Structure formats: structure tokens, C-alpha cells
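Scroll down for the structure; my scribbles are underneath it.
Predicted, not measured: the structure shown is a model, and the values here were computed from it.
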Amino acid sequence: MNYDHKHFKNTKNATTKVKNITANGEKLSYSTGKDRSNLFVNKKLDVGQSTNITVNVVTGIPKRKDRFGYQNINHGKVYNLSFCFPYLSDFRNGKWNYHPYYDSGENRNTAVSNFHVSFFAPKSYKVAASGQNKTKNGKTTITAKNMRDLAIVTSNKFKIDHIYTNGVKVNNYYFSGKNSKNYNKLALLTAKDSFNIFTKKIGPYPYKELDMTEGLLGKDTGGMEYPGLVMIDGSNFVKNSTKKHSKAKKLLKRKQPNLY
């Protein structure tokens with residue numbers, strides 16, 4: 001099946017196909033609404049009953065600068081994977097909450113969940129994700145508890161640096177290049193300052209790790225936020241524009257705190 005592309009930008013080179021939906025091994029039938037991004041599964045449950053539903057779906061990844069898409073950077077590839085995973089509608093105030101998929105904005109209504117993911121990629125790829133993850137022989141195991149959403153970013157050109165601040169490990173995934181040293185320092189310094197401010201004004205960060213990933217997110221998009229992961233647009237750094245780096249270099253000349 002193909003999604004209704006009138007809500008999408010540059011995604012006609014990607015399709016989504018639902019292979020089957022099952023519950024405890026039983027194959028279930030399903031239907032779609034006016035917008036085919038909503039699936040209505042035929043499964044009756046009595047009050048107090050529960051079941052496990054498996055959705056076997058294959059999604060193509062469009063080539064574009066976006067929070068969902070892939071692109072070529074520094075003779076390699078980076079994949080931003082978000083808002084592309086199936087999720088259950090939640091039942092509130094006597095009705096199911098569901099709505100069509102829109103490419104723009106943050107219009108998803110999801111409940112807090114625990115995510116357990118096995119993600120496979122070539123060994124040359126480094127994987128950033130919501131929650132905590134471990135990689136061995138091309139398999140990344142992701143555990144993301146008490147989160148509303150899950151995001152994954154992977155690239156075969158990522159370098160990684162990290163700091164500890166306010167009890168949280170902050171991992172910075174960035175690209176090597178002429179300006180990568182300045183970008184890495186500025187990103188970690190900004191993260192440290194932000195944690196200090198938000199912890200003081202709002203409260204402690206609820207997770208043990210935060211991943212930051214560099215990429216190209218398109219015009220007028222500075223970044224995109226998820227539980228445990230933040231995508232940052234690094235256009236000025238990746239494109240090696242010396243003029244646009246003057247402000248960043250001035251920020252780095254100020255006295256820097258210890259980043260360890």
C-alpha cells in the first residue's frame with residue numbers, strides 16, 4: 001500500500017507495505033479509513049482481556065533532508081528514522097484516538113511506552129537512538145523505557161564524543177571535516193549549559209543518556225527533538241562555509257568549563 005502523498009514532501013520514491021498483522025500467531029484481517037495510514041484491526045476483546053499484536057510492515061526510506069529520510073554526506077550516508085514506526089492508538093474518554101499521518105508538525109498522540117528494539121546495520125555504521133543501546137557485530141539492542149516516541153539515526157561517517165553532566169551521559173554524533181572540531185566543542189558546550197539551566201529551572205532529566213546527531217534537515221529547520229535524542233542541523237558546518245562560522249568561533253573563544 002502507498003500512503004496518500006498529498007500530505008508528504010518528496011516521498012514518492014518511498015512506499016510502505018503491510019505484509020500481515022497477527023495476534024498470538026492468528027492472522028488478522030484489517031481495513032483502512034479514508035487515509036490509509038490508519039489501520040483498523042479486526043480483533044474482539046472482552047473487558048479485562050489483553051492480546052499481543054504483531055504488525056509486519058516494510059517501509060521505504062525517502063532520500064531527502066528531513067527527520068525521516070536518508071542523504072549522502074561526506075562520501076557516506078546518514079539515515080534519520082523517526083515517525084516511521086507503527087504504534088497503537090490509545091483509548092481515552094470512551095473513544096479511540098486516531099488521526100491521519102501528516103508529514104509536517106508534531107501531531108501524533110502516543111502513550112508513554114517501553115521500547116525494546118533489535119536494529120541491524122553494517123558494522124561500519126554507528127547507531128544513535130532514544131534510550132540506551134549496545135552494538136555488537138552489527139546488531140544494536142535498544143532499550144528505551146517510559147518514552148512517548150522512539151528515534152534512530154545511523155551513519156557510516158559518524159564520529160562520537162561524550163560528556164557527563166548532571167548525572168547524564170551526553171553522546172555527540174558528528175561528521176569529520178574542516179569544521180568538525182569547532183562543531184563538536186560547541187555542541188557539547190551547549191548541551192552542558194542547557195542541562196545546567198533546565199535542571200535548575202525545571203528539574204532533573206528523566207533519562208540516563210541523551211544522543212545528539214548532526215545532519216542536514218533542510219531550510220529553516222534548526223533541529224528536531226525526541227525523548228533521549230536530538231537531531232541538530234549542521235548545514236553551516238558540513239558545507240564548510242568559513243563566513244558562517246565566525247559567530248560559532250567567537251562563542252568558543254570564551255572561557256570553557258571542563259567538559260569531562
Side-chain angles (χ1 to χ4, degrees), residues 7-14 60-84 102-107 121-122 124-130 149-163 165 170-195 197-198 209-254 256 259:
H7 300 312
F8 285 58
K9 299 176 183 178
N10 304 320
T11 60
K12 290 186 177 181
N13 58 336
I61 304 172
K63 185 178 182 181
R64 61 176 185 169
K65 298 177 181 179
D66 200 84
R67 57 194 177 182
F68 174 47
Y70 81 93
Q71 56 197 283
N72 300 318
I73 296 180
N74 288 4
H75 306 290
K77 285 184 170 61
V78 58
Y79 292 84
N80 290 334
L81 307 177
S82 68
F83 300 143
C84 58
Y102 286 89
D103 199 38
S104 301
E106 287 74 60
N107 48 50
S124 59
Y125 279 73
K126 293 181 174 63
V127 180
S130 301
D149 206 349
L150 175 79
I152 301 172
V153 180
T154 182
S155 175
N156 58 348
K157 291 296 180 179
F158 270 153
K159 296 181 67 176
I160 306 176
D161 199 0
H162 69 270
I163 60 170
T165 179
V170 180
N171 303 301
N172 186 35
Y173 292 76
Y174 64 102
F175 300 107
S176 60
K178 179 180 177 181
N179 302 293
S180 60
K181 186 177 180 180
N182 285 336
Y183 172 84
N184 182 48
K185 287 183 178 180
L186 184 58
L188 293 177
L189 179 63
T190 302
K192 190 175 184 70
D193 287 347
S194 299
F195 265 90
I197 293 172
F198 295 147
E209 288 191 23
L210 172 67
D211 288 353
M212 303 186 300
T213 63
E214 184 182 15
L216 302 178
L217 297 179
K219 185 179 179 181
D220 301 325
T221 303
M224 183 62 204
E225 70 286 348
Y226 305 89
L229 185 144
V230 177
M231 298 177 184
I232 300 174
D233 180 69
S235 298
N236 292 342
F237 292 87
V238 174
K239 292 181 179 180
N240 294 332
S241 174
T242 304
K243 184 178 179 181
K244 293 181 179 180
H245 290 297
S246 59
K247 186 176 180 180
K249 289 182 178 179
K250 287 180 181 179
L251 287 172
L252 289 170
K253 285 182 180 179
R254 68 174 178 162
Q256 297 184 36
L259 295 181

Item to check | Side-chain heavy atoms of I232 within contact of V230, under 4.5 Å | outcome: yes
Checklist entry - Where the side chain of E209 meets the backbone of N171, is there a donor-acceptor pair that is under 3.5 Å apart? => result no
Checklist entry - Which value, rounded to the nearest 0.5 Å, describes the distance between L186 atom CG and N184 atom CG? => result 9.5 Å
Next on the checklist: Quick one, E214 and D233 - any side-chain contact, counting heavy atoms below 4.5 Å?
Outcome noted: no
Next on the checklist: Show the nearest heavy-atom pair for residues A191 and V170, with the distance to one decimal.
Outcome noted: CB-CG1, 4.0 Å
Checklist entry - Between N172 and D161, do the side chains contain an N or O donor and an N or O acceptor separated by less than 3.5 Å? => result no
Item to check | Separation of M231 CE from T213 OG1 (nearest 0.5 Å) | outcome: 5.5 Å
Item to check | L216 to G234 - nearest heavy-atom pair and separation | outcome: CD2-C, 4.3 Å
Checklist entry - Does a side chain donor of either S155 or Y173 reach within less than 3.5 Å of an acceptor in the other side chain? => result no
Item to check | Any side-chain heavy-atom pair of V127 and F158 under 4.5 Å | outcome: no
Item to check | Full working for side-chain contact (heavy atoms from CB on, under 4.5 Å) between I197 and S194 | outcome: CA-CA 5 Å; I197 293 172; S194 299; 5.9 Å; no
Checklist entry - Of all residues at least two apart in sequence or in a different chain, which pass the side-chain contact (heavy atoms from CB on, under 4.5 Å) check with S180? => result Y174
Next on the checklist: Please determine whether side-chain contact (heavy atoms from CB on, under 4.5 Å) holds for the pair K159 and F175, giving the CA-CA distance in whole Å, both sets of side-chain angles, and the decisive distance to 0.1 Å.
Outcome noted: CA-CA 6 Å; K159 296 181 67 176; F175 300 107; over 6 Å; no
Checklist entry - Side-chain contact, heavy-atom cut-off 4.5 Å: K157 with I73? => result no
Item to check | S130 side chain to A151 backbone, donor-acceptor under 3.5 Å | outcome: yes
Checklist entry - Rounded to the nearest 0.5 Å, how far apart are OG of S124 and NZ of K77? => result 10.5 Å
Next on the checklist: Between K178 and F237, is the side-chain contact (heavy atoms from CB on, under 4.5 Å) condition met? List the steps.
Outcome noted: CA-CA 8 Å; K178 179 180 177 181; F237 292 87; over 6 Å; no
Item to check | Any donor-acceptor N/O pair, N80 side chain to V153 backbone, under 3.5 Å | outcome: no
Item to check | Separation of Y70 OH from R64 CZ (nearest 0.5 Å) | outcome: 12.0 Å
Next on the checklist: With a 3.5 Å distance limit and no angle check, can you tell me whether Q71 reaches the backbone of K65 through a side-chain donor-acceptor pair?
Outcome noted: no
Checklist entry - Which value, rounded to the nearest 0.5 Å, describes the distance between N156 atom CG and K126 atom NZ? => result 9.0 Å
Checklist entry - So, Y79 versus F68, ring centres under 6.0 angstrom or not? => result no
Next on the checklist: Has N74 got a side-chain atom pairing as donor or acceptor with S176's backbone, closer than 3.5 angstrom?
Outcome noted: yes
Item to check | side-chain contact (heavy atoms from CB on, under 4.5 Å) evaluation trace for D149 with F83 | outcome: CA-CA 8 Å; D149 206 349; F83 300 143; 3.0 Å; yes
